[in-house]
Structures are given as structure tokens and as C-alpha cells.
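Here is the structure we will look at.
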Amino acid sequence: MASIALKKLNKSYGALTVVHDIDLEIADKEFIILVGPSGCGKSTTLRMIAGLEEISGGELVIGGDLMNDVPSKDRDIAMVFQNYALYPHMTVYKNMAFGLQLRKAPRDFIDSQVQDAAKILDITHLLNRKPKALSGGQRQRVALGRAMVRNPAVFLLDEPLSNLDAKLRGTMRAEITKLHKRLDATFIYVTHDQIEAMTMADRIVVMKDGHIQQVDTPQNLYDRPVNMFVAGFIGAPQMNMMPSVIERRGDGYFALFDGRELPLPAHFDRNRIAPYEGRELVIGIRPENFHELPPADIAPENLAPFSAIVELAEPMGSEVHLNIVAGGRSFIARVSPRFKAAIGDEVKLVVDTTNMQLFDKETERSILY
């Protein structure tokens, strides 16, 4: 079993605390990703799990055993680094075999493990090459293979794809996901790339300033962010945010801003909205909730007209990102590539408020969840 529990885990360097009392339960064989901006503490947390950083406080439990003072080599984990950390003077075969040789494993066992890992990663033909003769993607596969031959219960991956080009990152994302399914091990993966997090993880841990903001499945993070940071961090282009005042009319509520109004959907919990009547809060609308025409599958009461001036149109192939200005505020809308608009044009769009987000202006927390 390779379930992992972080209990009030923290890390300090003198008076500076960089990881604050983290509580996290990771299930056996789960693929979990720590994501957040640079300096949020995600790599430090991974290194504490690996035993490469001393734990300042709290407990690390792996498979039911307390690991705080257990040496890294005895934790049944393997780590894949951002810079691959391959030995340049060794062949691929020797790089992959080195860890097992240090443990004085039998030669036949080492060869079997290396050959099996090389076959899975499609690098058998590279075993006699040295790292300088490999591409970035091939070096990353070797680093993965070196971890695999130890057959660990836990794989720790620290931004392993950040040195690869965009196309290769996409390929390697799929390869690592398939590898996780095949190896039946627990994967903990660190990245600042939300696309990696959204496409690969069973659950995502969003971090900021050494604190966990939210832990959830990728879709729940996108649909039900608990605060403005998560809402803005997950999703590209990021969510549009604007201060608004809530007004009640009969049984319905509206968000008013800059002389415009958007109806709040009937399925929103009225008990959560009522205390904000007449008060200012922040509403969030994702770029894809702007449409050129009213969608046939959206209830008319959840649609509102929205006119704006085009500042910039960015063709993305499958869609266009429109940078628009309305009421003195900037927004981004994702529209069809067939939608033609030039800079300075007035465009008339429709906003779908079905998945609108509402946040307390002071605490920045969602008032819906």
C-alpha cells in the first residue's frame, strides 16, 4: 500500500515559513498533482515527501508508517527531476541500472528490469547511447526509466516536462498518464502548468503562498472554485472578474455593474445570495460563456445581451480570443473562428450566466460553495 498522509506538515527556514500546516490524504495508486505559481511551496512539499528536505513540523505517513526521520533511500519512492539528472559519462543502460547496482541487486535482475522499462518507454534502441546524444524527450524517458527499474510504490515528479517544447509536452503528458495506469503506483506530480494538471490528474491540489487553497477533481475545480485565486488560476484564458451589486426584483436576483445587468440563475441557493442584497461582490464569467448567438440549449432566462468594443482579436485556429471593453472594463471572450470583428468594432454578444461565479469582495471566497 502506498497511501500517503500529510498531517499539519510545514517547512521553515529560520523565521520564514514556506509551507504552512498542510493536511492532505493521497490514496493508493492515485495520480495527484500539486499546482500553483512559482514560490507557492509545491516543490518544497514534494521534496519533504522524498526526504530531500527536512520536515520542520507535522507528520508524513506513507503506507501507514511515520516517515519523518526515515532516510530517503528507505521510503520506497523514486523521483524524476526537472533537469533529468542523468550521468553524462554513462550510457542510457548504465544510467538506468545504477540505482539497482548501488543496492547490489543481482545482475540478471538488473538487466531484466532495465530491458522491461526500456521496452515500455520505447527506448530499447537507445540503451548504448550517452545522454548528450539524446533529445530532450528521450532524456526524459530515460529519467522515467531509471525511476521505474526500482519498482517503487510512489513516483514523485518535479516539473518533468518544463524543458520540452509544446508539442513534445503534449506527447509526454499522454505517455506519463498511460504509464501511471500501467504501473499501478501512486504518482505525485508538481507543475505550474494548469493544462498538465487538468489533463493528467485524478485530483489537483492548488497551492498559494505555502497554503492549500482547494483539493478536488479537475472538473470540480473548474466548475466550483472555492475562491477567486482558484477561479483565476484554473482556466485559460482566465475568468473575467468584475465588482457588481446584487439587486432583488420579485423572486429573482440580478448583478448590476457599470450600467449593465446580468440575471442570476434560478438554481443558485437564494439563502446564500440574500445576505448580499444591495452589497457589492465580485462576479466571475468564463470566456467561453460569451456567445455570438443565443445557444439553443441554454434557458432564455439565463441569457443576457452584452455589447462591447473590440480591443484585440487573437485567432487561435479553433477559436478566437476577443479582448473587449465594456463599461470601462476589459473582458476576454472565446468565440468561433467564423466570428469576424476588427479592432474598434462594436460587437453584440450574449452572456450565459448558468455557471456564473459569485465571490465575497472582502474574503474573496465563493458565496455559492
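- Under the 4.5 Å side-chain contact rule for hydrophobic residues, M96 and L183 share a cluster.
- The two atoms that bring P152 and A78 nearest to each other are CG-CB, 3.6 Å, heavy atoms only.
- By the neighbour-count criterion of 12 heavy atoms within 6.0 Å, atom CZ of R103 is densely surrounded, having more than that number from other residues, nucleotides or ligands.
- At a threshold of 4.5 Å between non-hydrogen side-chain atoms, the residues I246 and R279 do not count as touching.
- Donor-acceptor pairing under 3.5 Å is recorded for the side chains of T354 and D352.
- Annotation for D74: atom CG counts as buried by contact number, over 12 foreign heavy atoms lying within 6.0 Å.
- No donor-acceptor contact under 3.5 angstrom links the side chains of N227 and Q214, judged on distance only.
- Taking each heavy atom of L9 and L6 in turn, the nearest pair found is CD2-CD2, 4.0 Å.
- A side-chain donor-acceptor contact under 3.5 Å links N68 to the backbone of L60.
- Atom CZ of R249 has more than 12 heavy atoms from other residues, nucleotides or ligands within 6.0 Å.
- Hydrophobic clustering of Ile, Leu, Val, Met, Phe, Trp and Tyr side chains at less than 4.5 Å, counting indirect connections, keeps Y369 apart from M239.
- Minimum heavy-atom separation, N302 to A266: OD1-N, 4.4 Å.
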Show every donor-acceptor pair shorter than 3.5 Å between a side-chain atom in residues 119-128 and any protein atom, with sequence neighbours excluded, or say none if there are none.
none

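- Between the side chain of D202 and the main chain of I32, no donor-acceptor pair closer than 3.5 Å is present.
- Counting only heavy atoms from C-beta outward, the side chains of L144 and I176 approach each other to under 4.5 Å.
- Residue E364 comes nearest to F359 through the heavy atom pair O-CD2, 3.8 Å, listed as atom of the first residue, atom of the second, then distance.
- A donor-acceptor contact under 3.5 angstrom links the side chains of H321 and E319, judged on distance only.
- A salt bridge links D23 and K8; the closest N-O separation between the charged side-chain nitrogens and carboxylate oxygens is under 4.0 Å.
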* Report the C-alpha separation of Y13 and E53 in whole Å, then their side-chain angles, then the decisive distance to 0.1 Å, and conclude whether the side chain to side chain donor-acceptor pair (under 3.5 Å) test is met. => CA-CA 11 Å; Y13 298 100; E53 289 279 0; 3.2 Å; yes
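- Looking at heavy atoms from C-beta onward, D193 lies in side-chain contact with R169 at the 4.5 angstrom threshold.
- The pair D184-K29 meets the salt-bridge criterion, since a charged nitrogen lies less than 4.0 angstrom from a carboxylate oxygen.
- Under a 4.0 Å N-O distance rule, the pair R173/E196 does not qualify as a salt bridge.
- Residue E54 qualifies as open at atom CD: its count of foreign heavy atoms under 6.0 Å is 12 or below.
- Criterion: ILVMFWY side-chain heavy atoms under 4.5 Å apart, direct or through other members. Under it, F98 and F109 are not part of a common hydrophobic cluster.
- Residues F254 and T353 have side chains not in contact (no heavy-atom distance under 4.5 Å, counting atoms from C-beta outward).
- Judged purely by atom type and a 3.5 angstrom limit, R139 has no side-chain atom pairing as donor or acceptor with the backbone of L86.
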* Please assess I77 against I188 for the test side-chain contact (heavy atoms from CB on, under 4.5 Å), listing each intermediate value before the final yes or no. => CA-CA 10 Å; I77 60 174; I188 307 176; over 6 Å; no
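- For D269, the CG atom sits in a packed shell: over 12 heavy atoms of surrounding residues, nucleotides or ligands are nearer than 6.0 Å.
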* To do: Could you walk me through whether F155 and H180 pass side-chain contact (heavy atoms from CB on, under 4.5 Å), step by step?
  => CA-CA 9 Å; F155 283 79; H180 169 250; over 6 Å; no
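- Using the six-membered ring where Trp is involved, F306 and F331 have ring planes that are perpendicular, over 60° apart on the 30 and 60° scheme.
- Proximity of a side-chain donor or acceptor of T186 to a complementary backbone N or O of V154 within less than 3.5 Å is not detected.
- Between D258 and R329 a salt bridge is recorded (basic side-chain N to carboxylate O distance below 4.0 Å).
- In this structure, D158 contributes its side chain and Q82 its backbone to no donor-acceptor pair below 3.5 Å.
- The backbone N or O of H20 lies less than 3.5 Å from no partner atom in the side chain of T17, so there is not a single donor-acceptor pair.
- Taking hydrophobic clusters as Ile, Leu, Val, Met, Phe, Trp and Tyr residues chained together by side-chain heavy-atom distances below 4.5 Å, L16 shares a cluster with I22.
- Closest heavy-atom contact between S307 and A326: O-CB, 3.7 Å.
- The two residues F257 and P243 come nearest to each other via the heavy atoms CB-O, 3.4 Å.
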